[in-house]
Amino acid sequence: MAESAKSPQTELPHRAFGWAATDTSGTLSPFHFSRRENGVDDVTVQILFCGVCHSDLHTVKNDWGFTTYPVVPGHEIVGVVTKVGNNVKYFKAGDKVGVGVIVESCKECECCQQDLENYCPRPVFTYNSPYYDGTRTQGGYSNIVVVNQRYVLRFPDNLPLDAGAPLLCAGITVYSPMKYYGMTEPGKHLGVAGLGGLGHVAIKIGKAFGLKVTVISGSPNKEAEAVGTLGADSFVLSSDPAKMKAAMGTMDYIIDTISAVHSLTPLLGLLKLNGKLITVGLPSKPLEVPIFQIAAGRKLVGGSNFGGIKETQEMLDFCGKHNITANIELINIDQINTAMERLGKGDVKYRFVIDVANSFSSL
C-alpha cells in the first residue's frame, strides 16, 4: 500500500504553531504545522511581531485565485535569531532581524544576479508558495520561521520592532519605485493617492527625500491626519471636482497605493508634462489605461513589485537614519479576524501588527 501523505504537522521536523485560514471565508484559527530543520545556510527566527498586510487579506479570501489552503499569512516579520547554520556569516543568535515578502529564489537568473530576487521567475514567497522540497511556505502569523540567510534582513537598532515591522512590505513597496523611477529629487512634487498602510509610509519616505508631498484621497476626514499628523504638505479631496481642477498639472510624480478598482484618468490629470504615475496597490481586477491622455502629456504609467533583498536592507537603513516607522495598532493574535474585517473596510490607522510573542505565550 502506498504511504499516505504526511500532514503539515509532521512533514518537517520542527514543530510550529500559527493561525491559518482553511477556506475562502478567510477566517483564521489556531493551526499546528512544522518547519524544516535549520540547515547550514539557514537562520531560525523566533517571531516577535508580524504586520498585517492587505495582501494577507486578499490571500486568505483567495481574491487573486491562487491560494492553497491551509495558509498561514504574514510577510512583515520581525524577530530574534535563535540558531544559525555553519555557513552563516552575518547573523548570530540574539540578533534582531526581519523577514519580508520573499524567502527563496533561483539565485542564478539575471534578476537574482542583479539583486532583484523579487523579479526572479522562480520566487518562493514567505507564504502560500511551493518550496523546493515540495512543501508549502507558511508565514509570520506563527511562532518561528527558518529562512536562508540571503533573505534575512538586519533590523536597525534604533527602530522599534513593532512599528518597524510593516516596513518589510509597505516600506519597500513604496521605496523601490521611488528610487527606480527617479522620484527622489528634492523640491519635486509627489502625490500620494490613498492614505492607508502604503500611503502613510510613502508620505514619510517622500518627506525624507526632500519632496513636497500632497495626499490625494476621497475621504475629507483624512485631511487633518495627513497634514497635521503625518507631515504631508497639502491635501486634495479627489471627490471634489473643484479641488481636483485646481490641482491639475501640478505634480511631478504620483504613487498610487489604492487597492480598490479605480479610474486612473483623474490622477493623470494632476501630473505635469512628463509626469509619472506609478501603481503599487494591486487591485483585484484590471484597470483601464487612458492612452490618449498619456500620449498627450508624454506621461508614464508604471508599476512596481516590492524590492530585492539588497534594496530592502537599504530601505531599512534609510528608515533607521530618518526614524521612519509605520503608525500601528498593536493586536493579539486572537483579534486577527476582527482586524481583517476592519482592514477590508479601511478602518485602521494605519497598519495592524500582531504581538506574536505575547499572544502565543498566553495561548
Side-chain angles (χ1 to χ4, degrees), residues 7-9 12 14-35 44-63 67-82 96-101 103 125-129 136-147 155 159-170 196-197 325-363:
S7 71
Q9 293 95 322
L12 294 169
H14 212 38
R15 296 294 176 91
F17 177 69
W19 279 52
T22 57
D23 56 45
T24 57
S25 71
T27 301
L28 291 113
S29 57
F31 177 64
H32 291 274
F33 65 109
S34 54
R35 301 283 195 189
T44 297
V45 180
Q46 177 189 346
I47 299 173
L48 301 178
F49 300 99
C50 186
V52 179
C53 177
H54 217 285
S55 297
D56 301 348
L57 179 59
H58 283 306
T59 300
V60 298
K61 291 184 174 292
N62 198 26
D63 289 340
T67 300
T68 298
Y69 299 101
V71 59
V72 177
H75 58 205
E76 299 177 343
I77 300 167
V78 177
V80 60
V81 174
T82 59
K96 302 296 192 301
V97 297
V99 178
V101 181
V103 293
F125 297 107
T126 303
Y127 64 86
N128 192 46
S129 198
R136 293 194 69 82
T137 58
Q138 304 290 3
Y141 297 11
S142 60
N143 60 341
I144 61 166
V145 65
V146 182
V147 184
F155 215 79
L159 292 184
L161 300 182
D162 52 359
L167 298 175
L168 294 161
C169 177
T325 58
N327 290 33
I328 68 166
E329 184 174 333
L330 195 63
I331 62 170
N332 288 326
I333 189 63
D334 58 7
Q335 299 171 290
I336 186 59
N337 290 309
T338 300
M340 286 288 195
E341 290 178 14
R342 288 178 53 194
L343 178 60
K345 299 173 184 177
D347 178 25
V348 55
K349 291 183 179 178
Y350 282 90
R351 203 67 150 192
F352 289 114
V353 172
I354 303 167
D355 186 347
V356 173
N358 285 330
S359 294
F360 285 22
S361 65
S362 63
L363 293 176

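It should be emphasised that the depicted structure is a prediction, and the values quoted were computed from it without experimental measurement.
The two atoms that bring G51 and A165 nearest to each other are N-CB, 4.2 Å, heavy atoms only. Between G26 and N337, the shortest heavy-atom distance links the atoms O-OD1, 4.1 Å. Heavy-atom minimum distance, D56 versus G74: OD1-N, 3.6 Å. Heavy atoms only, all atoms of each residue included: A339 and I331 are closest at CB-CD1, 3.7 Å.
Sorted by first and then second residue, the salt bridge (charged side-chain N to carboxylate O under 4.0 Å, His left out) pairs with a member in residues 159-169 form an empty list; sequence neighbours excluded. Listed by first and then second residue, the ring pair (Phe, Tyr, Trp, His ring centres under 6.0 Å) pairs that reach into residues 329-353 are H200-Y350, sequence neighbours excluded.
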Worksheet item: Between F31 and T22, does a side chain to side chain contact (heavy atoms under 4.5 Å, CB included) hold up when you go through it step by step?
Response: CA-CA 10 Å; F31 177 64; T22 57; 5.8 Å; no

Discussion item. S359 vs Y141, test: side chain to side chain contact (heavy atoms under 4.5 Å, CB included). Steps then yes/no.
Written reply: CA-CA 10 Å; S359 294; Y141 297 11; over 6 Å; no

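Under the ring-ring contact (aromatic ring centres under 6.0 Å, His included) criterion, H54 pairs with H58, sequence neighbours left out. Residues satisfying the side chain to side chain contact (heavy atoms under 4.5 Å, CB included) criterion with T67, sequence neighbours excluded, are T59, N62, Y69, V71, N128. For T27, the side chain to side chain donor-acceptor pair (under 3.5 Å) partners two or more places apart in sequence, or in a different chain, are S25. For V45, the side chain to side chain contact (heavy atoms under 4.5 Å, CB included) partners two or more places apart in sequence, or in a different chain, are V43, V97, V145. Looking at residues two or more places apart in sequence or on another chain, you find a salt bridge (charged side-chain N to carboxylate O under 4.0 Å, His left out) between E329 and R342. Shown here are the side chain to side chain donor-acceptor pair (under 3.5 Å) partners of T44, two or more places apart in sequence or in another chain: N38. Every residue two or more places apart in sequence or in another chain that forms a side chain to side chain contact (heavy atoms under 4.5 Å, CB included) with A163 is listed here: P160, T325, I328. With sequence neighbours excluded, the residues satisfying side chain to side chain donor-acceptor pair (under 3.5 Å) with N327 are K204. Every residue meeting the side chain to side chain contact (heavy atoms under 4.5 Å, CB included) condition with K349, not counting sequence neighbours, appears here in chain and number order: E225.
Once rounded to the nearest 0.5 Å, the distance linking OG1 of T126 with CG of L168 reads 9.5 Å. Here CG of N358 is found 8.5 Å from CG of L330. Values are rounded to the nearest 0.5 Å. Interatomic distance, I333 CD1 to L28 CG, rounded to the nearest 0.5 Å: 7.0 Å. In this structure, R15 CZ and N143 CG are separated by 12.0 Å, a value rounded to the nearest 0.5 Å. Here the CD1 atom belonging to I47 is positioned 13.0 Å from the CG atom belonging to L161, to the nearest 0.5 angstrom. Between the CD atom in E76 and the CZ atom in R351 there is a gap of 4.0 Å [rounded to 0.5 Å].
Ring geometry for F17 versus F360: interplanar angle over 60°, hence perpendicular rather than tilted (30 to 60°).
The backbone N or O of N332 sits nowhere less than 3.5 Å from a side-chain atom of D355 that would complete a donor-acceptor pair. Under a 3.5 Å cut-off, the side chain of Q138 and the backbone N or O of P70 do form a donor-acceptor pair. Remark: side-chain polar atoms of R35 are paired, donor with acceptor, to backbone N or O of I144 under 3.5 angstrom. A distance-only check finds a donor-acceptor pair linking the side chain of T137 to the backbone of S129 [under 3.5 Å].
Side-chain contact between L48 and V356 is absent, with no heavy-atom pair separated by less than 4.5 Å.
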